[in-house]
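Basis for what follows: all heavy atoms, side chains included, without hydrogens, waters or symmetry-related copies. Letters A, B, ... mirror the listed sequences (proteins, then strands); counts begin at 1.
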Amino acid sequence: MDKQYNPHEIEGRIYKKWLDGKYFHAEIDKDKAPFTISIAPPNITSRLHIGHAFENTLSDIIIRFKRMQGYAAMWLPGTDHASIATEVKIVEAMADEGITKEGIGREAFLKRGWEWYNTYGSAIVEQLQRMGFSCDWDRLRFTMDDGLNRAVNEFFIRLYEKGYIYRGEKLCNWCSTCETTISDAEVMHNEQETLLYHIKYPIKELPGEFIQFATTRPETILADTAVAVNPDDPRFAALIGMYVTVPFVNREIPIIADDYVSMEFGTGVVKITPGHDHNDFEVGTRHNLPQINILNDDGTLNQICGVYEGKTVKAARELVLSDLETSGLFVKAEKIQNSIGTHDRCKDIVEPRLKTQWFVAMKKLAEPALDAYKTGKLRIIPERFGKVYSHWLEGIHDWCISRQLWWGHRIPAWFCACGEISVARDLTAENAKCAKCGSTNLKQEEDVLDTWFSSALWPFSTLGWPDKTPELEYFYPTQTMNMGRDILFFWGVRMMFSAIEMTGELPFKDLIFHGLVRDKDGNKMSKSAGNGIDPLEMLEQYGTDALRLALITGNAPGEDFRFRDEKITSCRNFTNKLWNAARFLQSKASTATDNTDSTDLTDTDKWLISSCNNLIKDVTKLLEEYDLGLAAAKVFDFIWDEFCDWGIEMAKPRFAENNNAAAVLTSVFLDLLRLLHPFMPFITEEIFGYLQNSEKTIMLSNWPVYKAENSHADAEREIINLKDTVTAIRSARAEKNVPPSRKVGLYIVGDNDGVRGLYERNSGWLASMAGASDVVVTGNKSGVPDNSLSLIVPGAVVYIPISDLVDTEQEITRLEKEKARLAGEVARCESKLANKGFTDKARPELVAAEQTKLTEYKDMLSKVAEELAGYVN
RNA sequence: GGGAGCAUAGCUCAGUUGGGAGAGCGCCAGCUCGACAAGCUGGAUGUCGUUGGUUCAAGUCCAACUGUUCCCACCA
């Protein structure tokens, strides 16, 4: 083994070994319980970023843990076609070549989509493999492969047949850059400072009089079909029912009364534009107002707008304002804070407008999804996201699922000239026939489905649904789902209701949300900001295991966290530490006996076995609760602080003798490797190979279980005392500047047999750890050299004969300080025990512990006092 | 307008049913002590945002406040 851990050569070789051994592949096995995770399929828009690395590291930890526990653990991988996101990318790429979508036509465009998939889909798979993820690659799926296409059609048709899917003209969110509708969830609202323009319309019945209102979008006056006031507003009561004239289009529109209008805001008058505003649409519906659309698909104004036709919204706004000013109808402009809707993909302003689209009626579908959470069948982790989940479902709106795009699942609906729409299984251009008029000249809907329509089926469509496959039977429902908290509405909710409706079961039992990875300054990572971190770069520099560990330790579930280089460096250092511990053990392998169960275990052996045993219990529990960051930190700390700093160091003096020190260390270390394996798969696998030769792979070895018979609480307590003793001696040596090369003698005076036995049994390593030439354990002070440095340690007093270095005055000061500290402790313990509230109400073991401490402190205090008296005299 | 998170050492953050404040990095001092200088040993640094409340006991539970981040919502 090399002196430094070098991940590069190792990782590729190990991953190949796993693949070749088919270790990732889970067969249907009736003797095992299934444990399934579906990947959150990455979009094929680009290569993976650090957020993907993080999310999938979580899944990999869970699936590796469960696999070792003996489940038929299956992690199903795949990618998502990401309809609009990918289409935007392809269009951009084509623009660089000077071609357009329309220019090349649908078929050629789709060909480019598949090329895109071939490039990025495989790049993503490669990246996932570099991260060491143990996905069942034989089951790799894509949201647009044949099976999933069939599932999508089936889903659409079943919803349509049940009347959940309908087609209608409604106010939709329109992105004129992408020229498509988008769902409410895709609209981002940003507070911005905008201008609120005050405008007045002449009142027809009262020549020379005007009614004044305010708007942030003056160009939409061209689509106004009323102005509204509050019915209780005395200022305008007389005007209700009169008419005003919209300038430029000379449309006469009524003044109506509606509760929606707030008397306080603006002028107390609102222009009503049902064709371009969600609120106005509802007001318009209540008052039977006409709905006028003034926009073309590309965002310019249409023929209704007269002289403004062909102008962009922005240009039209300027023009309308200046024309209003000219006509004397413009009053003033004021600055206000207003929220503007933008498209989450292209960041352009979204305009509400009328469009005929396909919708899913959500109200009834949402109910069982809500129920699943409220009855506790669905577990949401962390819990607080449950509130967000149910709140959204309670106020859910219908889902606009049609998109005016090409890359995606084309809607399986066929139009006939007679007006009939056919939606049925297996309709193709060849066999389509109108059910009403018998015409065979049907045209398929041009639109494709929202990308989340297919994602919603992911946990079961990937297992063969709608067919009743054995895989679906066995692996479904899945167990846990890891997802970013930012896609709860897009995906989490939609999988839930789709699965319940289609399969009658929840798609997963535990829904786990993780936070976002931010840069070192706390900003969101994004391509445009240029602060994104490429996981491949990180793992090339530090190794995959270090990256994985850095992503999860010290992060609380569901919280965002910053990614900093220092953290990954310390994790890289840890891999080296682990590597060298293994190197050391390997060098001692020849001295190892097979005997780790025998009764001649020393205190240190018992301590190590027992504390590792406790670690197993803690880590297993944390992993079962999905508290991965804490679990990783526990293993990390134990290996470094306990196993290496104490376990190995305490064993060193024992190697010369014929004993089982090496065997115990190795046996414990193998368990530690198993605990660490889900987090750091490569290095643990490599070391596992060096340290034993009975098992082929750590991946499929058994997860360690807590063994009651390995609990040695007494030994643990004793070693804790010894560790304190060593620390005290080292600290004293440092304080006195005694170089490590200078050996000293230790005279330990303990006044009871148990304590003397403890120090006698462990005098070998105690001497070694403390840098002593010899250790003398006695029952009294006779034989201890004069002017030795004395230390109070648990249960005893240690004298170090370094008299030539001891400054008597310093020593007196130190003892006085120690005396004061101990006196304080005694007082604190006494007052605590004198408190009836504590003794009566606190847990009994706490009270007992406090009493023990009091005795110990009193004991130590009297020894300090005695020492001090010696110096003073 | 509604809701949620966060506030702990110089920095980044942990802190699991309430029971004597922790890690990593940084800083100071010293170390080639049987693997590891990507290491070892020792050390300094905290009114746990503020104010109240519950409790024998609060970083932890409750309330209010301040700062900050985010989500939802149709306010022209």
Sort me out a list of protein N/O and nucleotides 10-12 of chain B N/O pairs below 3.5 Å, or just none if empty.
{"from": "B:U12", "atom 1": "O2'", "to": "A:Arg564", "atom 2": "NE", "distance (Å)": "2.7"}
{"from": "B:U12", "atom 1": "O2'", "to": "A:Arg564", "atom 2": "NH2", "distance (Å)": "2.7"}

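Summary of the strand contacts: A:Ala633 and A:Arg217 both lie near RNA chain B, and taking for each the nucleotide with the nearest heavy atom, the more 5' one is attributed to A:Ala633. When the nearest nucleotides of RNA chain B are assigned to A:Val388 and A:Thr569 by heavy-atom distance, the more 5′-ward of the two goes with A:Thr569.
At the heavy-atom level, A:Arg572 lies under 4.0 Å from base atoms of the strands shown. Within 4.0 Å of A:Glu845, counting heavy atoms only, lies no atom of the nucleic acid at all.
Using a cut-off of 4.0 Å between Lys/Arg side-chain N and Asp/Glu carboxylate O, A:Lys524 and A:Asp519 are scored as not salt-bridged. For the pair A:Lys652 and A:Glu649, the salt-bridge criterion is met [side-chain N within less than 4.0 Å of a carboxylate O]. A salt bridge between A:Arg353 and A:Glu351 is absent, with no side-chain N of the basic residue lying under 4.0 Å from a carboxylate O of the acidic one.
Using bins of under 30°, 30° to 60° and over 60° for the plane-to-plane angle, the ring pair A:Trp579/A:Tyr5 lands in the tilted bin.
One finds no side-chain N or O of A:Lys588 lying less than 4.0 angstrom from the OP1 or OP2 phosphate oxygen of B:G34.
Less than 6.0 angstrom separates the ring centroid of A:Phe561 from the ring centroid of A:Phe54.
For A:Asp280 (side chain) and A:Thr273 (main-chain N/O), a donor-acceptor pair under 3.5 Å exists by modelled atom type.
Atom CZ of A:Phe385 and atom P of B:C71 are 12 Å apart (whole Å).
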